[in-house]
J.: 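Below are the structure tokens for one structure; questions will follow.
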Amino acid sequence: MRGGPAARVLPRMGPGVQLSQRYFNALLANSTDVMGVLSRDGRFVFVGDNVRKVFGHAPEEMVGRPLTDFAHPADRAALAERLAFRAASPLGSAGTSTFRMRDSGGGWRHVEATGCNLLDDPEVQGMVGNIRDVTERVEAERRRRESEALYHTLAEAAPVGMFRVGAHGRMLFVNHRMAVLTGLNAERIMAEGWFAAVHPDDRPRLEEEWARSLAAGLPLMTNARLLGAEGTTAAVFLQTTPVRDADGRLQGCIGSLTDMSEYVRTAEALLVAEARNRSVVEAAADAILTVDEEGIVHSFNPAAEAMFGLGAAEIVWHRLDRLIPGDVVERHKAYLRRPDLRVKPPAGCIGDIQARRADGTLFPIELSVAALEVQGRRLFTAIVRDVTERKRIEAELIRARDAAEAADLAKSAFLATMSHELRTPLNAVIGFSQVIEMRLLGPDALDRYTEYATSIRQSGEHLLGIIDDILDISKIEAGSLQLGEAPVDVTDVLGQSLNLIAMQAGKRGVAVTLDLERDLPPLRVDELRLRQILVNLLSNAVKFSDTGGQVTVSARRADGGGFEFVVCDEGVGMAPEDIPKAMERFSQVDQSMARRHEGTGLGLPLTKRLVELHGGSLRIDSAPGEGTTVTVHLPAERVMRFEDLLG
């Protein structure tokens, strides 16, 4: 730090007094303000280390970057203008700016930055400032303004007269209802008070109680009469509550004036209770409604409006029936008429039932009910939770569990089958190898040893094919199998595929015929994978055909410019409901160890995925005893024109 910007901003002390670098760094580290120095163009040349603590930034990440980089986009233009102004101001001039600054977590903090122009000071050569996080102060001020606005809004909306009195006894606020009740305009009440409207017989008592309550800082509840313009009187209920500051000092009182002629005592109690609970009910995420024993809705909170798609004005003082499915309405009415409910009102969770929205759709809910009795009348408060999403998730979890269990069973069956498929050729390899190794047939049985070597090779090739299938389908599932696309002659690939299964077809006595359209276009595909698709389908067709059966493979143009290969056999076939099972990994239609046809069950799933990698689709049509037809459809973009080849 010696000789750098930090050293240049050290305060100048009297003779013999010098702040050490360590002392200066300690001051910076423990300060709640972030100290910094900016260049003429507003870039940081020094930032105090406590920026880590205040904003989470490392000083070295900020040095060299403009201060505006860390400001909120909406504040950057004004901040840049302010920085330019400060840089152009005389030496030693200072000023304060407020803006929002980003912290390391991506959040925005309100800050107050005080800067001093020392650009022309040779000891500093920068704009020195401190940045103070004033987020809490700004938020507190915002909440205070919101609270005051809410207070005035609520006071003006109140159905009773509302007022506030200062510690000196003067009126600070009166609402419109207060002026209506007293018959005095608001300006007069603010200047003289409202006792001029009180009946002369009640005025001395009320003034004495008012003065005593205000002086002692005690609440006041009392009755009085107001005298109307035509000599009429109205009974009112006065209630005041002392207001104190944070230190407990009396600041006056707030009060209300209620017209007792308009409200009965019971209605007043309900209004007070509603005022206490309104914020909780309206902020609740669950629907909350109140119903009487006749099924009439008394309250309906905003969450209920959103849940049922129904405004409170449309349902309050109407029957609850429209929110209940038709088959439940009578049960609900009978439930409310049960005599034992009067002895033991219900409480707690009733359970999962169905409810009905305004558009008639049904949805599952979880319902909790609490009951209370007021002057012999029962009211029920219901808390309703929409569990549609929870039910959906539960159903998905059940399906996922069932799918996992099915996959596990399929995998187990596959492993059992695979064990058989691997052991058979391995036994042949081991057995024949031992015979050759030990020369059990004597040194002159060369022809027999050659046959055994051929069997070993065929078994190895069979094992290699199984392993290749497993690796290919694993690559496809992992998304790592890449296609080597090139123009391919369909006739050549079909000929190669027929050659590869010719021996198998000959051993089983199955005839394989080829049916091709004339002038077939070339395809842009992976030749190896296309041959693998055709060989798998032809091998399956031959394997599941009886001796003397016939397999036909066709190639043709398809509707829409696509291309189709069709392999049709006259074999055993399979039931339509077994087709999806045959297309799944680790699954076979016949899982028994005594099944007639060998195989791992990977051929069709692998073939389907190879077709899909080419953007195509595979369809199977089959029925027991009627054979199977497999159609491979490739999209039009796989079909090449001869001019494409020339180009």
J.: Please give me the minimum heavy-atom distance between Gly161 and Leu181, naming the atom from each residue.
T.: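 Looks like N-CD1, 3.6 Å.
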J.: Under 3.5 Å, side chain of Thr258 to main-chain N/O of Val160, donor-acceptor pair present?
T.: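 Between the backbone of Val160 and the side chain of Thr258 there is no qualifying donor-acceptor contact (under 3.5 Å).
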J.: Hey, is Arg203 close enough to Glu207 for a salt bridge, meaning N to O under 4.0 Å?
T.: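 The answer is no: the pair does not qualify as a salt bridge.
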J.: First locate atom CG of Leu79, then atom CZ of Arg100, and finally report the distance between them rounded to the nearest 0.5 Å.
T.: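 Reported value, rounded in 0.5 Å steps: 11.5 Å.
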J.: What is the distance from atom CE of Met162 to atom CD1 of Ile254, rounded to the nearest 0.5 Å?
T.: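 Answer rounded to 0.5 Å: 6.0 Å.
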J.: Taking the inter-plane angle between the rings of Phe300 and Phe308 on a 0 to 90° scale, is it parallel (under 30°), tilted (30 to 60°) or perpendicular (over 60°)?
T.: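 The rings of Phe300 and Phe308 sit tilted, inter-plane angle from 30° to 60°.
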J.: Set out, in order, the CA-CA distance, both residues' side-chain angles and the distance that settles side chain to side chain contact (heavy atoms under 4.5 Å, CB included) for Val291 and Ile296, then state yes or no.
T.: CA-CA 5 Å; Val291 185; Ile296 303 299; 5.8 Å; no
J.: For a 4.5 angstrom cut-off between non-hydrogen side-chain atoms, does Asp386 reach Arg357?
T.: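 Counting from C-beta outward, Asp386 and Arg357 do come under 4.5 Å.
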J.: Pairing donors with acceptors under 3.5 angstrom, does anything connect the side chains of His298 and Asp292?
T.: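 Yes, side-chain donor-acceptor contact under 3.5 Å.
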J.: Verify side chain to side chain contact (heavy atoms under 4.5 Å, CB included) between Arg177 and Asp259, making sure each step is shown before the conclusion.
T.: CA-CA 10 Å; Arg177 182 61 180 166; Asp259 185 355; 4.2 Å; yes
J.: Mark yes or no for whether Gln251, through its side chain, and Asp245, through its backbone, hold a donor-acceptor pair below 3.5 Å.
T.: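 No, because the side chain of Gln251 does not come within donor-acceptor range (under 3.5 Å) of the backbone of Asp245.
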J.: Is a side-chain N or O of His318 found less than 3.5 angstrom from the main chain of Val316, in a donor-acceptor match?
T.: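 Pair found, side chain donor or acceptor close to backbone of Val316.
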J.: Please determine if Asp321 and Arg356 form a salt bridge, counting it only when a charged side-chain N lies under 4.0 Å from a carboxylate O.
T.: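 Result for this pair is no, no salt bridge flagged.
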J.: Quick one: does Ile131's side chain get under 4.5 Å of Asp33's, heavy atoms only?
T.: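 Answer no - side chains too far apart.
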J.: Is there a donor-acceptor pair under 3.5 Å between the side chain of Arg76 and the backbone N or O of Ala71?
T.: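 Confirmed, Arg76 side chain pairs with Ala71 backbone.
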J.: Count the heavy atoms belonging to other residues, nucleotides or ligands that lie under 6.0 Å from CZ of Arg385, then report whether that count exceeds 12.
T.: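 No.
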J.: Got a donor-acceptor contact below 3.5 angstrom from the Thr182 side chain to the Trp194 backbone?
T.: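 No, the answer is negative, given that no donor and acceptor are paired below the 3.5 Å cut-off.
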J.: Is it true that Glu389 and Arg392 have a side-chain N and a carboxylate O under 4.0 angstrom from each other?
T.: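 Between Arg392 and Glu389 there is a salt bridge, with a charged N closer than 4.0 Å to a carboxylate O.
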J.: State whether Arg319 and Glu294 are salt-bridged, where the test is any N-O pair (Lys NZ or Arg NE/NH1/NH2 against Asp/Glu carboxylate O) under 4.0 Å.
T.: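 Looking at Arg319 and Glu294, the cut-off is not met.
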J.: I'd like to know whether Val297 forms a side chain to side chain contact (heavy atoms under 4.5 Å, CB included) with Trp317, so could you lay out the CA-CA distance, the side-chain angles of the two residues, the decisive distance to 0.1 Å, and finally the verdict.
T.: CA-CA 5 Å; Val297 178; Trp317 304 118; over 6 Å; no
J.: Do Leu323 and Val384 have side-chain heavy atoms sitting under 4.5 Å apart?
T.: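 In short, these two side chains do not touch, never coming nearer than 4.5 Å.
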J.: Distance-only, no hydrogens or angles: does the Ser299 side chain make a donor-acceptor pair with backbone N or O of Thr290 under 3.5 Å?
T.: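 Side chain of Ser299 to backbone of Thr290: a pair is present.
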J.: Evaluate the side-chain proximity of Val63 to Val45: yes if any heavy-atom separation is below 4.5 Å, no if none is.
T.: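 Heavy-atom side-chain distance check fails, nothing below 4.5 Å.
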J.: Output all residues satisfying side-chain contact (heavy atoms from CB on, under 4.5 Å) with Glu209, sequence neighbours left out; order by chain, then residue number.
T.: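 Here the qualifying residues are Arg205, Arg212, Leu220, Thr222.
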J.: Looking at Glu148 and Arg145, is there a salt bridge between them, counting it only when a charged N and a carboxylate O are closer than 4.0 Å?
T.: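 Here Arg145 does not pair with Glu148 in a salt bridge, since their nearest N and O are not under 4.0 Å apart.
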J.: Closer than 3.5 angstrom, by distance alone: can the side chain of Asn117 be matched with the main-chain N or O of Ser93 as a donor-acceptor pair?
T.: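 Not confirmed, Asn117 side chain does not pair with Ser93 backbone.
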J.: Please check: side-chain N/O of Asn301 versus main-chain N/O of Ala287, any donor-acceptor pairing under 3.5 Å?
T.: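 A pair under 3.5 Å: no.
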J.: Check Arg43 with Asp69, please: is the shortest side-chain N to carboxylate O separation under 4.0 Å?
T.: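 Salt bridge absent between Asp69 and Arg43.
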J.: How many angstroms lie between NE2 in His57 and OG in Ser104, if you round to the nearest 0.5 Å?
T.: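 These two atoms lie 6.0 Å from each other.
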J.: Could you work out, with salt bridge (charged side-chain N to carboxylate O under 4.0 Å, His left out) as the rule, every residue matching Arg164, not counting sequence neighbours?
T.: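 Salt bridge (charged side-chain N to carboxylate O under 4.0 Å, His left out) list for Arg164, sorted by chain: empty.
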J.: What closest approach, in Å, do Ala285 and Ala303 show between heavy atoms, and which atom pair accounts for it?
T.: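 Heavy atoms of Ala285 and Ala303 come nearest at O-CB, 3.7 Å.
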J.: Show the nearest heavy-atom pair for residues Met35 and Phe46, with the distance to one decimal.
T.: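 Taking Met35 first and Phe46 second, the nearest heavy atoms are O-CE2, 4.2 Å.
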J.: So does Glu123 get a backbone contact from the side chain of Asp121, meaning a donor-acceptor N/O pair under 3.5 Å?
T.: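 Yes, because the side chain of Asp121 sits within donor-acceptor range (under 3.5 Å) of the backbone of Glu123.
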J.: Taking the six-membered ring of Phe55 as reference, does the cationic atom of Arg109 (NZ for Lys, CZ for Arg) lie under 6.0 Å from its centre and within 45° of its axis?
T.: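 Relative to the ring axis of Phe55, which defines the angle, Arg109 lies outside at least one limit.
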J.: Should the ring pair Phe70 and Phe44 be called parallel, tilted or perpendicular, given that the plane angle runs from 0 to 90° and is split at 30 and 60?
T.: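 Correct class here is perpendicular.
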J.: Would you say Phe85 has more than 12 foreign heavy atoms packed within less than 6.0 Å of its CZ?
T.: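 No, the 6.0 Å shell around CZ holds no more than 12 heavy atoms from other groups.
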J.: Met127 versus Leu119: any side-chain heavy-atom pair under 4.5 Å?
T.: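 Result yes, sub-4.5 Å side-chain heavy-atom pair found.
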J.: As an exercise, state the distance from CD1 of Ile398 to CD1 of Ile393, rounded to the nearest 0.5 Å.
T.: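 Between Ile398 CD1 and Ile393 CD1, I get 12.0 Å after rounding to 0.5 Å.
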J.: Search all heavy atoms of Ala224 against all heavy atoms of Leu206 and return the closest pair with its distance.
T.: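 Of all heavy-atom pairs spanning Ala224 and Leu206, the closest is CB-CD2, 4.2 Å.
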J.: Take Thr135 and Trp108 through the side chain to side chain contact (heavy atoms under 4.5 Å, CB included) test and state the conclusion after the steps.
T.: CA-CA 9 Å; Thr135 302; Trp108 296 102; over 6 Å; no
J.: Which pairs count as side-chain hydrogen bond (donor to acceptor under 3.5 Å, both in side chains) when at least one residue sits in residues 152-163, sequence neighbours excluded?
T.: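 Output for this query is empty, none listed.
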J.: Any side-chain heavy-atom pair from Asn185 and Ile189 closer than 4.5 angstrom?
T.: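 No; the side chains remain at least 4.5 Å from each other.
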J.: For atom CZ of Arg132, is the number of surrounding heavy atoms from other residues, nucleotides or ligands below 6.0 Å larger than 12?
T.: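 Open.
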J.: Enter the distance from Leu227:CG to Asp201:CG here, rounded to the nearest 0.5 Å.
T.: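 Spacing of CG (Leu227) from CG (Asp201) equals 9.5 Å.
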J.: Just do the salt bridge (Lys or Arg N to Asp or Glu O under 4.0 Å) check on Glu141 and Arg144 with the steps written out, would you?
T.: CA-CA 5 Å; Glu141 179 62 21; Arg144 184 190 65 79; 2.4 Å; yes
J.: Where is the tightest heavy-atom contact between Phe363 and Thr388, given as atom of each residue plus distance?
T.: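 Closest approach of Phe363 to Thr388, heavy atoms only: CB-OG1, 3.7 Å.
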J.: Quick one: does Asp49's side chain have a donor or acceptor within less than 3.5 Å of a partner on Arg52's backbone?
T.: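 Checked: no pair found.
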J.: If you define the side chain from C-beta out and look only at heavy atoms, does anything of Leu91 sit under 4.5 Å from Leu118?
T.: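 Leu91 reaches Leu118 side chain to side chain.
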J.: Side-chain contact test, heavy atoms from C-beta onward, threshold under 4.5 Å: evaluate it for Thr241 versus Cys253 and give yes or no.
T.: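 No, too far: nothing below the 4.5 Å cut-off.
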J.: Closest approach of Glu314 and Leu310, non-hydrogen atoms and distance?
T.: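 Closest approach of Glu314 to Leu310, heavy atoms only: OE1-CD1, 3.7 Å.
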J.: About how many Å separate CG of Asn223 and CZ of Phe237, when rounded to the nearest 0.5 Å?
T.: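 Reported to 0.5 Å precision, the distance equals 6.5 Å.
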J.: Within a reach of under 6.0 Å around CD of Glu60, are more than 12 heavy atoms found that belong to other residues, nucleotides or ligands?
T.: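 Yes.
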